[in-house]
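Below is one structure, written out as C-alpha cells; the observations come after it.
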2 protein chains.
Amino acid sequence: MFSSPAIATAIATPPVRAQQRDDEAACQRIADLLAQIAATPNPQRRLVRSGDVLYQAGAPFTHLHVLNTGIFKLLTRSADGREQVVGLKFRGDWLGFSAISRGRYACDAVAMDTGEVWSLRYDELLKACAQHPALMAAVHAAMSGEIMRDRDSLMSVCTLPADARVADFLRYWADSLAERGLRADQIRLRMTRAEIGNYLGMTLETVSRALSRLARVKLITFIDKGRRDIAIPDVRALEDFIQRCLGPTEQLLH
Amino acid sequence: MFSSPAIATAIATPPVRAQQRDDEAACQRIADLLAQIAATPNPQRRLVRSGDVLYQAGAPFTHLHVLNTGIFKLLTRSADGREQVVGLKFRGDWLGFSAISRGRYACDAVAMDTGEVWSLRYDELLKACAQHPALMAAVHAAMSGEIMRDRDSLMSVCTLPADARVADFLRYWADSLAERGLRADQIRLRMTRAEIGNYLGMTLETVSRALSRLARVKLITFIDKGRRDIAIPDVRALEDFIQRCLGPTEQLLH
DNA sequence: CGTCGCATTGAAGCCATTCAAGGTAGGTGG
DNA sequence: CCACCTACCTTGAATGGCTTCAATGCGACG
C-alpha cells in the first residue's frame, strides 16, 4: 500500500514544509471565510477591547459572530456555581454556536484583546445559506471543527499530566496563531495563571510550576518581566516533550 | 419581577413535575426529529449489535447518522497514541458531525447495544435542508447541543473530584434516559470500569472505589451480581452529593 | 473444571493541591 | 518621586487524593 516510490518520496518530504503548507492552506480558508461573510447581508461590525463582553450566558440568542481580529475566551457557569473557561477563539472562529439549540447563549464571550467582531443575524444567515451552499458548508465546517476542538481539550485534560497539559496548551495556542499566518514562535498569553489553570483543570500554582520547569529545560523562554509573553523556540520539541510525558508504559483500552 | 402571584404559583410547582415536563418535551422533540428524518430522502436503515463499528476514524465522510435505538460510544486516538472515550450517544442523537470539517471521520463510533441507525448521505441531507428549514434547524440544534454537551464533560472533568465525577456521569446517563422517556431509576452500564475511567479521566480502580462509596451511602444500589446494572433511587440526592463534594470553599475566577 | 475478563480492595508511593511566604510590576495619590 | 496598594506570579513545605502495584473474588464460557 505504501510501497509506491512516488508515495514514499511524498512522505519523505520534510514535515516542517508540510506543516507550513497546512498552515498556509488554513490561513487561506480563513481569509476566504471572512471574504464570504463580508459579502453576506449586512454583517454588523463591532470593535471590542480587552474585557468587553460580546454576549452573556442566558441572553436571548439572535446573532452568530465571527472574529475578524482579536482573541476571545468563553466562560460557563454550572447550575451549582462552578466556573470554567471552556474555549478560546481566534481570527476566523465563530462564536455563539452553543446558543442555537436552546435559543439562549450558553456561555459568556469575553474579549481578551482589542479586536473586531462581525455579527450576523442568525435568521438572515440561514436565508443566505439556503442560497449559497458554500456559505452553509462554511458554517457546518466551523461547527464541526468546534466539536473536534472540544474533544481535543477533553483528551488533553483526561490523559496528560500537568506539565504536558500546559505544554499542549502552549502548542495549541502557537498552532492557532500559525494557522492564521501569525508568528507562532512568540505568544502573548492574555490569561492569568488562574485562568489557564481553570481551563486545564489544575491550580494556578501548578501552572506556574509547569511553566517554570518548561523554561528550565529551555522548551520555552520568558520574554517580558511579567512572564506573560512566552517564546517557543521549537514547537516540535514541545510535542516531543508531551509524548515523553506519557511514558513508555502506555495503557490502551482493549 | 417575580412578584406576580401567578408566576409565584408556577414557580412553587414541585420541581419533580417541572423536570418531568421537560423530559416529556425533550422526548417529543426526539420523536419529531425521527419522524422528520423518516420523511427524508431514502434514509438507510441499519441494525447494529454490541461491538459493531458504524464508522472508523480516518474513513471518508459520506453519511451522517441518527440513532433510532441503542447506545453508541465515540472513541478517538491522538497522533501520539492516546485513546479516549469522547462521547456517548443515545436515541435521537446524531453521529458524524465531527467529520464534516475534514471530510473524514474523526473518531470511531462503536455500538454498545443492539440498535438501529438511520444513515443519510450528507450531500442529499443538505439539499433536503435547503427545502425544509425545519430540518435544517434540527441539524443545527443537534450540532449546537453536542457542543454544549462536550463543554459539560470538560467542566465535569476539570472541576469535580473523582467521586462527584462518577456521580455526575451516572446523573448524565439517567437524565439521557429520562429525556427519552425511558425509566431512569435503573441503568445498565454498558461500559467496563476502564472505559468509564477513561471517559472521566481517572483509573478503573478509582471508578470502582467511587461506585462502592456511592453504594455504601445508598445513593446507588447494585442490581445484578456483575455490578453493571445500577439503581438510582433518588437522582436529586445524587445532585446534592455532587454539590457537597465541591465543599463550602468554592473558588471563583475574578 | 480451568481459564479469561472484569471488578474489588488494600497498601505504598507520587503527583497535584493546599497553605503560606515573599517577590514583582503597575497604578494611585501624597 | 516615592510610598503604598493591588493584582499577579513564584516558590517551598506539608497534606491528601489519586494512581500504581498487587492480590483476590466473581461470573461467563468452552
Side-chain angles (χ1 to χ4, degrees), chain A residues 50-51 82 112 156-170 188-216 220-230 244-254, chain B residues 50-51 82 85 112 156-167 169-170 188-216 220-230 244-254:
Chain A
S50 186
R82 287 169 285 152
M112 296 200 296
S156 182
V157 171
C158 283
T159 64
L160 295 178
D163 286 9
R165 226 138 81 207
V166 172
D168 191 57
F169 169 74
L170 296 174
R188 167 159 297 173
L189 293 182
R190 298 174 178 288
M191 307 165 76
T192 66
R193 303 291 191 252
E195 282 177 317
I196 297 170
N198 178 280
Y199 182 45
L200 299 178
M202 63 185 77
T203 61
L204 66 95
E205 292 94 332
T206 303
V207 175
S208 179
R209 278 186 252 265
L211 288 172
S212 294
R213 274 190 287 266
L214 289 174
R216 201 168 302 137
I220 64 172
T221 314
F222 291 109
I223 298 169
D224 69 329
K225 305 162 282 188
R227 304 190 121 211
R228 295 291 267 277
D229 297 355
I230 290 177
R244 261 178 288 130
C245 282
L246 298 175
T249 57
E250 180 84 21
Q251 67 181 355
L252 297 177
L253 293 168
H254 306 297
Chain B
S50 185
R82 287 169 285 152
V85 178
M112 295 200 295
S156 181
V157 171
C158 282
T159 65
L160 295 179
D163 285 8
R165 228 140 79 208
V166 172
F169 168 75
L170 296 174
R188 166 161 295 172
L189 293 181
R190 297 174 177 287
M191 308 166 75
T192 65
R193 304 290 192 252
E195 282 177 317
I196 297 170
N198 177 279
Y199 182 45
L200 300 179
M202 64 185 75
T203 61
L204 66 95
E205 292 94 334
T206 303
V207 175
S208 180
R209 278 185 252 265
L211 288 173
S212 295
R213 275 189 287 267
L214 290 174
R216 201 167 301 138
I220 64 172
T221 315
F222 291 109
I223 299 169
D224 70 329
K225 303 162 284 187
R227 305 190 121 210
R228 296 290 269 275
D229 297 356
I230 290 176
R244 261 178 289 130
C245 281
L246 298 175
T249 56
E250 181 83 20
Q251 65 182 355
L252 297 177
L253 292 169
H254 309 294

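Note that this is a predicted model, so its numbers are computed, not measured. Letters A, B, ... are given to chains in the order of the sequence lines, protein chains preceding strands, and every chain is numbered from 1.
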Watson-Crick and G-U pairing of DNA chain D written in dot-bracket, each distance under 3.5 angstrom, with | for inter-strand partners
||||||||||||||||||||||||||||||

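For Met202(A) and dT18(C), the CE to P distance is 13 Å, given to the nearest whole Å. For the pair Asp229(B) CG and dC26(D) P, the interatomic distance rounds to 19 Å; values are reported in whole Å. The CD1-P distance, from Ile196(A) to dA16(C), rounds to 16 Å in whole Å. In this structure, CG of Leu160(A) is placed 16 Å from C1' of dT19(D), rounded to the nearest angstrom. One can place CG of Asp224(B) at 15 Å from P of dC26(D), the figure rounded to the nearest angstrom. Straight-line distance from the CG atom of Leu246(B) to the P atom of dT18(C): 12 Å, rounded to whole Å.
Qualifying side chain to side chain contact (heavy atoms under 4.5 Å, CB included) partners for Arg228(A), counting only residues two or more places apart in sequence or in other chains: Thr192(A), Arg193(A), Asp224(A). Here Ala162(B) pairs with Met202(B), Thr206(B) under the side chain to side chain contact (heavy atoms under 4.5 Å, CB included) rule; sequence neighbours left out. Arg227(A) meets the salt bridge (charged side-chain N to carboxylate O under 4.0 Å, His left out) test with no other residue; sequence neighbours excluded.
The shortest heavy-atom contact between Phe222(B) and Ala215(B) is CE1-CB, 3.7 Å.
Nucleic acid contact class of Gly201(A) (heavy atoms, under 4.0 Å, all strands): sugar-phosphate only.
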Reading 5' to 3' through nucleotides 6-11 of chain C, protein heavy-atom contacts under 4.0 Å coded B for base, S for sugar-phosphate only, - for none:
SSBBBB

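Proximity of a side-chain donor or acceptor of Ser212(A) to a complementary backbone N or O of Ser208(A) within less than 3.5 Å is detected.
The side-chain heavy atoms of Thr203(B) and Val207(B), taken from C-beta on, include no pair separated by under 4.5 Å. Looking only at side-chain heavy atoms (C-beta outward), Val85(B) and Ile196(B) stay at 4.5 Å or farther from each other.
Applying the salt bridge (Lys or Arg N to Asp or Glu O under 4.0 Å) test to residues at least two apart or on different chains, the pairs with a partner in residues 156-167 of chain A are Asp163(A)-Arg213(A).
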